[in-house]
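Input: a single structure, listed below in structure tokens.
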Number of protein chains: 2
Amino acid sequence: MTATKPPPAASERTRRRAASKRALATAANLLDAAERLFAERGYDGASVRDIASAAGAQVASVSFHHGGKETLFERVVERRASELGELRIAALEKARANGEQLSLEAVLSAFVRPYLEKAANDAQWLAYARLVAMVSADRRWRHISQRLFDPTAGIFIDEIAALFPEAKRSAIAVTFVFSVSAMLSVSTSRWRIEELAEDAPGEFLEIDALADPLIRYCASGIRAAVA
Amino acid sequence: MTATKPPPAASERTRRRAASKRALATAANLLDAAERLFAERGYDGASVRDIASAAGAQVASVSFHHGGKETLFERVVERRASELGELRIAALEKARANGEQLSLEAVLSAFVRPYLEKAANDAQWLAYARLVAMVSADRRWRHISQRLFDPTAGIFIDEIAALFPEAKRSAIAVTFVFSVSAMLSVSTSRWRIEELAEDAPGEFLEIDALADPLIRYCASGIRAAVA
DNA sequence: GTCTATATGTAGATAGAC
DNA sequence: GTCTATCTACATATAGAC
């Protein structure tokens, strides 16, 4: 975009260790490429070589900017998880601001829609669900689940538990995990939905088409299971 | 178990190319070890070296008996999928033999319970769900889904569709995929359930404890989503 | 910060002796 | 059928020049 960085002028005495634009871009490009390849091929299936190459960077830059493959993976997940967590809490508070008691559908909507809206318009966000599914299904990434997913999950479980004062929190947690799995399948297994729904090819290309059925499915399922 | 194979007697003229007991055992041990390691570490995370070593066999035996890593993986999935598919169809026909119209719960039960009963008593069966989740979430294994999963899935989707004559089959297929995801999470994410259900440690160590909530959850979810 | 070169380990597959 | 040895390719990571 910009011209090559000019040589430092004599007056430039205030050089600090602020990262250059190019360095920041390299670090960010690596994150983007890593996100795509980890989602496509899994953690072990994606090599740092391919990630660096896809980012137009050198292999060595992965260790330099991100410390190694494992921390690169964790940073990839963290970047999305932080933003999405904030969006979900904001959606919950906005729904609460309307005054009266929240419905179960409203709570689930605050959890599900911020993600589906991102995923509908951005392939990187769509791919993020595959990373979440990998982390949620693998004890190897337990520390990532605990640090990045559990706080938000706990808030929503509490919110649902408040709607069913007579139910045990553990029963709510079970249905919450079922619901998250169903939501993730929208991204990880949409191709299977397409194949099994032979009568309507392309019906679910738009991810939004799955939001309403998903929320109705989860809400009704939770009500029945905690009763 | 038995003594060492005695040297062939002179009368043993009918030697055919039937596999020896030991060869069959090697091939089977490789399947067992591969199932365990693939489930634990994923396809790329499990090396044929480690699989052979865990089976007490040589690296070269994997290629010899199973043709290579990919076909070994496919055989691992096939062995379980065939048996489970038959159990599910049998459960469906047994439920149908009771005469009247099947309830949605009965259909889901015929799909879910054969697996959960196996998984409750056998760690290899429990681990199988992780393989199914891997295959269902990865287009790379599309041919395995189509060949081993889709036939049974199609039968159950048809069965559910018959209960909702006014609903589109594609809508049923969506809820079926949601339900399978929820079922798989019982195996892949039970540790997350345990962590999120802080108030009841150990409550879900017995997998059976999840069967009833799961079936109620899925049945009610399907009814609400296809309406 | 980037880049080349390399260190060190492991991957999957197979040839050929036994 | 098994086993040893080896082939070729690729993995992550780092040292040191620029």
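In what follows, chains carry the letters A, B, and so on, assigned in the order in which the sequence lines appear, proteins first and then strands, with residues in each chain numbered from 1.
Within the structure, every pair that satisfies the salt bridge (Lys or Arg N to Asp or Glu O under 4.0 Å) test and touches residues 107-120 of chain A, not counting sequence neighbours, is listed here: A:E83-A:K118, A:R113-A:D212. Listed by first and then second residue, the side chain to side chain donor-acceptor pair (under 3.5 Å) pairs that reach into residues 152-161 of chain A are A:R96-A:E159, A:D158-A:R169, sequence neighbours excluded. Residue pairs meeting the ring pair (Phe, Tyr, Trp, His ring centres under 6.0 Å) criterion with at least one partner in residues 37-61 of chain B, sequence neighbours excluded, are B:F38-B:Y43, B:F38-B:F73, B:Y43-B:F73, B:Y43-B:W141. The stretch residues 189-209 of chain A participates, sequence neighbours left out, in no ring pair (Phe, Tyr, Trp, His ring centres under 6.0 Å) pair at all. Contacts classified as ring pair (Phe, Tyr, Trp, His ring centres under 6.0 Å) and involving residues 50-72 of chain B (residues at least two apart or in different chains) are not found.
Contacts of A:R139 classified as side chain to side chain donor-acceptor pair (under 3.5 Å), with partners at least two apart in sequence or in another chain: none. By the salt bridge (charged side-chain N to carboxylate O under 4.0 Å, His left out) test, A:E70 pairs with no residue at all, sequence neighbours left out. Taking B:S170 as the reference, A:E203 meet the side chain to side chain donor-acceptor pair (under 3.5 Å) condition, with sequence neighbours excluded. With sequence neighbours excluded, the residues satisfying ring-ring contact (aromatic ring centres under 6.0 Å, His included) with B:Y128 are B:W125.
DNA chain D lies under 4.0 Å from at least one heavy atom of each of the following residues of residues 60-69 of chain A: A:A60, A:S63, A:G68, A:K69. For the segment residues 45-55 of chain B, residues with any heavy atom less than 4.0 angstrom from an atom of DNA chain C are, sorted by number, B:A46, B:S47, B:V48, B:R49. The stretch residues 29-44 of chain A has no heavy atom under 4.0 Å from DNA chain C, so no residue of it qualifies as close.
Remark: P of C:dG16 and CD of B:Q58 are 19 Å apart, rounded to the nearest angstrom.
Listed pair A:T26 / C:dG1 fails the phosphate criterion, with no side-chain N or O lying under 4.0 Å from OP1 or OP2.
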Show the numbers, then the answer: is there a side-chain hydrogen bond (donor to acceptor under 3.5 Å, both in side chains) between B:Y217 and A:S179?
CA-CA 9 Å; B:Y217 177 93; A:S179 300; 2.7 Å; yes
